[in-house]
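In what follows, a structure is listed as C-alpha cells, so that the remarks can point back to it.
Heavy-atom basis, side chains included; hydrogens, waters and symmetry copies ignored.
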Amino acid sequence: MSQVLVINPILYTSETNAIPRVQSIKDTMIYALCLGFMKEGHRVTLVAAEDYRPTTEEVYDFQVVWMKTIWHGIFQPRCFPYMPKLRKFLRSHKEYDCIISSEMFATWSYTAARVCPDKTIVWHELAKHNNMMHKIPSHVWYGVVAALLMRRVTVVPRSKAAADFIGRFSKKVSATMIDHGVNVEAMTLFEAGEKKNQFAVVSQLIERKRIDRTIDGFAEFCRQGHQDYRLYIIGSGDKEESLKKQVKRLGIEEAVTFSGRLTHEQLIPIVAQSKALLVSTEKDNNMVSIAESIAVGTPVVTTSVPYNAYDIEREHLGIVQDRWNQETLKQICGKNEWYCANCAAYRDKLSNVYCARQFMKVMENDA
C-alpha cells in the first residue's frame, strides 16, 4: 500500500471568474481517479482550492484538504490559482510516496516540483500555450520554469497532443499516456442493451461548444427520413434560449429535448441508450463526457478538436470529422453495433482503477 497525494485545485471548468458553486464534487473526474487509487488499496488525499468547495457538506471516501487561494487579480482561481499553504503542507507531510499534480503551467505543480521533485508526477493535459496575457506568461513558464526549475519531475501526458507539446520543454516525459479515468463500475450499471433511436449531447450550452451545428446536422438527418429519432441536449448555459429558438425555427421541437443540467445518475442512462454522443466543439482539451460515453458502450461523433479524438479514430470508437453532418449520423447508425462493440472492448482502459495502476507503474519505473 502506498500513500498518494493528488493536487488538483480546479475541480471543474468555469468559463468566467465567477465560479459556479455545485452541490457535490463526486461527479468530477479527479474524484473518480482518487477512487481508483482506493480500489487499488492505496491511501489517497486530494488537495483542492477552497473556491470549488461544494455548497453542501459531504462525506468523502478519502481525505480532502481545502486550501484558500489568494491574489485573485493575478492568480485567477478559475485557471491559475495560488495556494500559499501548499508549500508548508508538503514540507510537514513526508508520508506520501507519490504526488500527482495536474498541469505543468501551474503554481501548485511548481511548488511540488521544488519541495519534493523525486516523488512528483505532473499529469499534463494542455497541448498549446495558454492564451493569458497574449501567451507571454505561458512561453516564459514552459521555456524557463518548466525546462529548468521543474526538470526533475516526471511528466505524464494525457494525450498524444499533450505529449508532443510538453516534450518540447521537458526531458522527462513518460512514454505512458494516461487519459481521464472514469468509474467504470458505476457507468456500466446504466449500460443499455438495445440502443434507442436517439442521440445525446452532454455539454455547457456556450458559444465554443457549437451546439447550433449539432442541431443543424440533426435537423437535416430528420428531414432525410429519420423523423423517429430524438436528440437530448443535457446541460445549461447562456446559449440555451437561442438554441431553443433555432430548434423551433427548424421545426424539430417534438424531436429535441432540452434536459437542463442533470446528475450523473440521471444523464448516464440517456447516454447509454443513445446511438451516439454528439460533439461539435471548437475548443476543448480531453473531454470527460467522451470517456464516460465510451465506458457505457456508446460511440462518439466528434470534431477533431478534443484531444481524445485521437483515441476515437485509432480504436474506431466513433467518427472523427470536422463539420460532420447528416451523412455522418447515417454512418454511425448504420454500423452502430460494431462501434458499440469497440467501445465495450476499450472501456477497461478508461477505468479509474486502470489509470491508478498506470500511475503507480510510472512511479516505479520512470520517476
Side-chain angles (χ1 to χ4, degrees), residues 4-38 44-90 93 96 99-112 122-126 130 132 158 180-183 186 202-206 208-209 234-238 260-265 267 284-289 291-292 352 355:
V4 180
L5 179 67
V6 178
I7 309 173
N8 196 100
I10 303 171
L11 297 181
Y12 49 87
T13 302
S14 174
E15 294 297 314
T16 68
N17 291 326
I19 298 171
R21 303 301 291 271
V22 297
Q23 292 186 338
S24 174
I25 65 165
K26 292 186 177 181
D27 288 346
T28 61
M29 173 275 299
I30 206 66
Y31 195 91
L33 176 65
C34 292
L35 287 178
F37 282 109
M38 284 190 61
V44 62
T45 301
L46 170 64
V47 171
E50 181 76 33
D51 311 77
Y52 294 84
R53 186 194 285 264
T55 56
T56 58
E57 289 295 323
E58 294 188 290
V59 177
Y60 299 120
D61 300 273
F62 45 84
Q63 183 183 14
V64 178
V65 178
W66 300 100
M67 290 192 179
K68 289 187 177 181
T69 59
I70 63 171
W71 300 339
H72 292 175
I74 301 174
F75 301 104
Q76 297 176 354
R78 74 178 179 91
C79 59
F80 199 60
Y82 173 48
M83 304 178 299
K85 291 186 178 181
L86 179 60
R87 180 176 294 275
K88 182 178 179 181
F89 180 88
L90 292 174
H93 290 272
Y96 295 110
I99 299 171
I100 298 170
S101 184
S102 294
E103 296 306 315
M104 282 292 275
F105 185 39
T107 58
W108 56 94
S109 293
Y110 172 77
T111 300
V122 175
W123 192 26
H124 186 76
E125 180 173 15
L126 296 180
N130 188 290
M132 183 171 55
R158 305 192 197 193
H180 293 159
V182 298
N183 191 353
V202 180
S203 172
Q204 292 174 285
L205 307 187
I206 56 178
R208 67 179 172 86
K209 296 290 189 176
I234 303 167
S236 60
D238 59 17
R261 184 179 294 173
L262 301 179
T263 66
H264 266 65
E265 289 76 13
L267 72 86
D284 263 297
N285 299 324
N286 287 44
M287 294 179 62
V288 179
S289 59
E292 291 179 340
N352 53 351
C355 291

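- Atom CG in Asp61 sits 12.0 Å away from atom CG in Leu46 (nearest 0.5 Å).
- The OH atom of Tyr52 lies 10.5 Å from the CZ atom of Arg21; values are rounded to the nearest 0.5 Å.
- With hydrogens and angles ignored, the 3.5 Å screen pairs no side-chain donor or acceptor of Ser203 with any backbone N or O of Leu205.
- When each of Val65, Val6, Leu90 is paired with Val47, the side chain to side chain contact (heavy atoms under 4.5 Å, CB included) condition holds for Val65 and for no other.
- Ring orientation note: the planes of Tyr82 and Phe75 are tilted relative to one another, at an angle of 30° to 60°.
- Looking at heavy atoms from C-beta onward, Lys26 lies in side-chain contact with Tyr60 at the 4.5 angstrom threshold.
- Residues Ser289 and Val202 share a closest heavy-atom pair of OG-O, 3.9 Å.
- Taken to the nearest 0.5 Å, the CG atom of Leu11 stands 8.0 Å off from the CD1 atom of Ile30.
- Closest of all the heavy-atom pairs between Leu262 and Leu267 is O-CD2, 3.6 Å.
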Which is it for Phe89 and Leu5 under the side chain to side chain contact (heavy atoms under 4.5 Å, CB included) test, yes or no, and what are the steps along the way?
CA-CA 11 Å; Phe89 180 88; Leu5 179 67; 4.0 Å; yes
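- The OG1 atom of Thr107 sits 10.5 Å away from the CZ atom of Arg87 when rounded to the nearest 0.5 Å.
- At least one side-chain heavy atom of Glu15 sits under 4.5 Å from a side-chain heavy atom of Arg208.
- Defined by atom type and a distance below 3.5 Å, a donor-acceptor pair is missing between the side-chain atoms of Tyr31 and Ser24.
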Between Met132 and Gln76, does a side chain to side chain contact (heavy atoms under 4.5 Å, CB included) hold up when you go through it step by step?
CA-CA 11 Å; Met132 183 171 55; Gln76 297 176 354; 5.5 Å; no
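- Of the possible polar contacts, one joining the Thr56 side chain to the Gln23 backbone as a donor-acceptor pair under 3.5 Å is found.
- Checked by atom type and distance alone, the side chain of Glu103 pairs as donor or acceptor with a backbone atom of Glu125 at under 3.5 Å.
- What you find for Val182 and Ala291 is that their closest heavy atoms are CG1-CB, 3.9 Å.
- In this structure, Val4 and Phe62 have side chains that are not in contact, with every pair of non-hydrogen atoms separated by 4.5 Å or more.
- The side-chain heavy atoms of Trp108 and Pro81, taken from C-beta on, include a pair separated by under 4.5 Å.
- Atom OG of Ser101 is separated from atom CG of Leu86 by 7.5 Å, given to the nearest 0.5 angstrom.
- A distance-only check finds no donor-acceptor pair linking the side chain of Ser109 to the backbone of Phe105 [under 3.5 Å].
- The main-chain N or O of Leu126 is found under 3.5 Å from a side-chain atom of His124 such that the two form a donor-acceptor pair.
- We find the CD1-CE distance between Ile7 and Met67 to be 7.5 Å, quoted to the nearest 0.5 Å.
- Glu58 places a side-chain N or O within 3.5 Å of a backbone atom of Ile25 that can act as its donor or acceptor partner.
- Between Arg158 and Ser102 there is a side-chain heavy-atom pair separated by less than 4.5 Å.
- Put simply, the side chain of Lys68 does not reach to within 4.5 Å of the side chain of Met83, judged on heavy atoms.
- Side chains of Pro77 and Ile19 form a contact here, defined as non-hydrogen atoms less than 4.5 Å apart.
- At least one side-chain heavy atom of Asp284 sits under 4.5 Å from a side-chain heavy atom of Lys209.
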Decide side chain to side chain contact (heavy atoms under 4.5 Å, CB included) for Phe37 and Ile100; before the verdict, give the C-alpha distance in whole Å, the side-chain angles of both, and the deciding distance to 0.1 Å.
CA-CA 11 Å; Phe37 282 109; Ile100 298 170; 3.3 Å; yes
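- Checked for salt-bridge contact, Arg78 and Asp51 miss the test: no charged N lies under 4.0 Å from a carboxylate O.
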